[in-house]
Amino acid sequence: MKVVSTSSSHSLNCLPQAPRYAEPIHLPLVRHVFPHSGSAVDRSLLGVERRNTFDVILSPETSDDSNYIPISVGTPTQILHLPLSFNFPGALFGGCKGCSGDSTVFDTASSSARNKSTTGTQFIPALGIQGSFFTDVVGFGPFSVLDASFVVVDATFVFLGQPGAFGLGFPNASFQNLPSVAQSLLSTNPVDAPEMGIWLSRVHNTSTSKAGTPGVFTFGGTNSSLYTGDIEFLDLTSTSAWMLNITTLTIQGHELTLTQSRNSVVFEVVKSVIYGPTSSVAAIWAQVPGASLLNISVSGGTQYYQYPCSTTLNISVAFGGRSWTLDPAELNGGPITGDNKGHCHGAILGFDEAEDQPGWIFGEPFLRSVYTVLRQSNPAAIGFAELSEQAGGAPSPTLPSTSSSGSVSSPPRTAPPPASAKHSPVAAVVGGVIGALILCAALLAALLLARRRQRQGRPDEGGIKRDLTPEPFLAVDQRREMAPLNSAERRFKRKVQANGASPNYPYQIDAGSRSATQPGETAGGGENGGSSSPTPGAEVSIMEELRNLREDVRRLAERDAGGSIAPPSYHPDA
């Protein structure tokens, strides 16, 4: 990739310099002056909360077709505003000693600057002039590199309308094959991805763009608020430029046949129009009714076209993947005055490059129609995505709903969802999963509770059989000698209730547990021949046994009127 110098301007050989129009032949493809960097819209586009990426609003200039970004360099830090270029192979600074007050010129008196040119200056073939290779601290937003390499030329040198440029291109022999500043920043800082995202506002159709900014440059990743859907990445067909091959080009529904040797295309942000081989561009405009070649004599042989302003251009292009449609408003270069009223300039120009150069250059009319991502990977790739509605893309279509009768109802007239709503299907899925887990947990708890209750009703499985029949009333004997039994009964009932057991749980009486007899009684019988005690082996309840025991103690108390039954140390409960 070469840069040639002319008497008035300098440009990459593969990127022809568009001539300046004299009125009334002027393509008004210029940017609006960006009004307010602190607006809510700007903050939402910049995504200031994201880490490891840096967004900057492109600063436009009405005097040329460039997009400017701020670069910090040197010690003490100087802020230079340089035009952004996709394919320039590095950073170019106009420089002088002691000129730190100029925001476009690098002060070589920086204490951290080092001149690597052994003779002070040397000839730079890509620029055609003398210059010097420097290293110094260079930063962009939160990212920096201590020994970035760049070229410094005389401050009077003009490139892209300014004495400097910030290129995102690849190492070039004319620049000693040194990595560009952008490559150094990406490789030495913890960025989200080795990517750079570019969005240019559709300034010719501001009614469809909700952003009042001319564009956003994202370093170290992408800005998801500016595009929708997936980014389609395609490997480059060159190691020296951001270049692909055109596989399909359609104009007004007609697919054109391109010469295979001239179907390569370079993408470049410094170009305000689209350039193509003269034969291919003539074939494009031949498909537009009323379009014609403008009879303009310009140096370089560039061909300009006009077409009826009432005609909507429908052009789409593919590079081996999906097809991308160009915004018709960006292909309209504005109305022509004079004898050609009702006609507009076309933003697709014919220009024949050298055979070893790309046949096409896609500038802003294409780049404003998509979200572009430059990926510095191995291999390097370029990606495109549909613009979000916030970035000027078409709103998401509302699908019609069908009623039970099969007729199609009109779509509801509701406001389109915000850009963040594109993640709503994910939120719905997550919510559904969480709801299902909660339901499963509730069902499992109910099942375990039912199982527990079932086991409690089956003693043979270790459960407790509850006897829910009401307990009969027990009269409490208030005599002093009966106090120990009354207290024992109360304590026993409290413990039984605390343990969740039933005092009526049946058990079997041991054959020897009630073998003692009292005087005057016969074994197994009472005073009158009856017995209050159960027969050994019979099934009784705990409370029934207590009642029998109470009756035995009562009979003994009646025989011992002195109350010697009560232990002398016993203190009855209250």
Side-chain angles (χ1 to χ4, degrees), residues 1-6 9-17 66-69 71 73 80 82-95 106 115-117 121-136 138 140 145 147-154 157-188 194-196 198 217 219 236-244 264-271 353-354 356-358 361-363 372 374-382:
M1 182 167 48
K2 300 179 180 178
V3 178
V4 296
S5 173
T6 65
S9 62
H10 301 265
S11 64
L12 295 174
N13 191 26
C14 66
L15 305 176
Q17 182 73 22
S66 301
N67 297 277
Y68 287 73
I69 60 173
I71 300 296
V73 58
L80 304 182
L82 302 175
L84 185 66
S85 169
F86 280 7
N87 293 283
F88 192 75
L92 174 67
F93 300 155
F106 170 58
N115 189 342
K116 296 298 184 179
S117 298
T121 62
Q122 64 188 80
F123 182 73
I124 310 295
L127 302 176
I129 62 171
Q130 293 289 118
S132 304
F133 287 92
F134 272 75
T135 62
D136 204 342
V138 178
F140 181 62
V145 59
D147 55 352
S149 299
F150 52 88
V151 174
V152 177
V153 296
D154 188 88
F157 177 77
V158 176
F159 180 80
L160 299 176
Q162 291 293 333
F166 189 78
L168 309 179
F170 300 92
N172 182 285
S174 294
F175 279 66
Q176 300 182 349
N177 288 316
L178 295 171
S180 67
V181 173
Q183 288 179 317
S184 299
L185 288 169
L186 287 174
S187 61
T188 58
E195 298 172 351
M196 298 165 284
I198 298 94
F217 176 56
F219 193 84
L236 300 184
T237 59
S238 170
T239 58
S240 61
W242 296 102
M243 181 164 44
L244 297 174
S264 56
V265 54
V266 164
F267 302 90
E268 181 52 71
V269 70
V270 302
K271 295 303 176 182
E353 278 281 3
D356 61 342
Q357 297 295 321
I361 301 173
F362 275 22
T372 306
L374 310 180
R375 176 183 283 177
Q376 286 275 10
S377 56
N378 188 16
I382 187 169

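- Ring centroid separation for the pair F86 and F362 does not come in under the 6.0 Å cut-off.
- In this structure, CD on Q176 lies 7.0 Å from CD1 on I124, to the nearest 0.5 angstrom.
- Of the inter-residue distances, the one linking L84 atom CG with I69 atom CD1 reads 5.0 Å to the nearest 0.5 angstrom.
- By the ring pair (Phe, Tyr, Trp, His ring centres under 6.0 Å) test, F134 pairs with no residue at all, sequence neighbours left out.
- Distance CG/L374 to CZ/F219: 10.5 Å, rounded to 0.5 Å.
- Between the CD1 atom in I129 and the CZ atom in F123 there is a gap of 8.5 Å [rounded to 0.5 Å].
- Across every non-hydrogen atom of T121 and S132, the tightest pair is CG2-OG, 3.4 Å.
- Here the side chains of V145 and D147 are in contact, with some heavy-atom distance below 4.5 Å.
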Check the pair V270, F88 against side-chain contact (heavy atoms from CB on, under 4.5 Å), reporting the backbone distance first and the verdict last.
CA-CA 10 Å; V270 302; F88 192 75; over 6 Å; no
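- Remark: F133 pairs with no residue by the ring pair (Phe, Tyr, Trp, His ring centres under 6.0 Å) rule, at least two apart or across chains.
- The closest side-chain heavy-atom distance from L236 to M243 is not below 4.5 Å.
- Between S187 and Q376, the closest side-chain pair of non-hydrogen atoms is not below 4.5 Å.
- Of all heavy-atom pairs between I361 and K271, the closest is CG2-CG, 4.0 Å.
- Taking all atoms of both residues into account, the shortest heavy-atom contact from P358 to S264 is CA-OG, 3.3 Å.
- Q183 places a side-chain N or O within donor-acceptor distance of the main-chain N or O of S180, the cut-off being under 3.5 Å.
- With contacts defined as side-chain heavy-atom distances shorter than 4.5 Å, the pair V73/F150 qualifies.
- In this structure, the side chain of N87 engages the main chain of W242 through a donor-acceptor pair within 3.5 Å.
- Across all non-hydrogen atoms, the minimal contact from S117 to G131 is OG-O, 4.3 Å.
- Rounded to the nearest 0.5 angstrom, S238 OG and F170 CZ are separated by 7.5 Å.
- Closest non-hydrogen pair, A241 versus V266, comes out as CB-CG2, 4.2 Å.
- The distance between the ring centers of F166 and F217 does not fall below 6.0 angstrom.
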Please determine whether side-chain contact (heavy atoms from CB on, under 4.5 Å) holds for the pair I382 and F267, giving the CA-CA distance in whole Å, both sets of side-chain angles, and the decisive distance to 0.1 Å.
CA-CA 9 Å; I382 187 169; F267 302 90; 3.7 Å; yes
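- Ring planes of F93 and F106: tilted class, angle from 30 to 60°.
- Of all heavy-atom pairs between V269 and S85, the closest is CG1-CA, 4.1 Å.
- With rounding to the nearest 0.5 Å, the separation of CG in D136 from CG in N115 is 11.5 Å.
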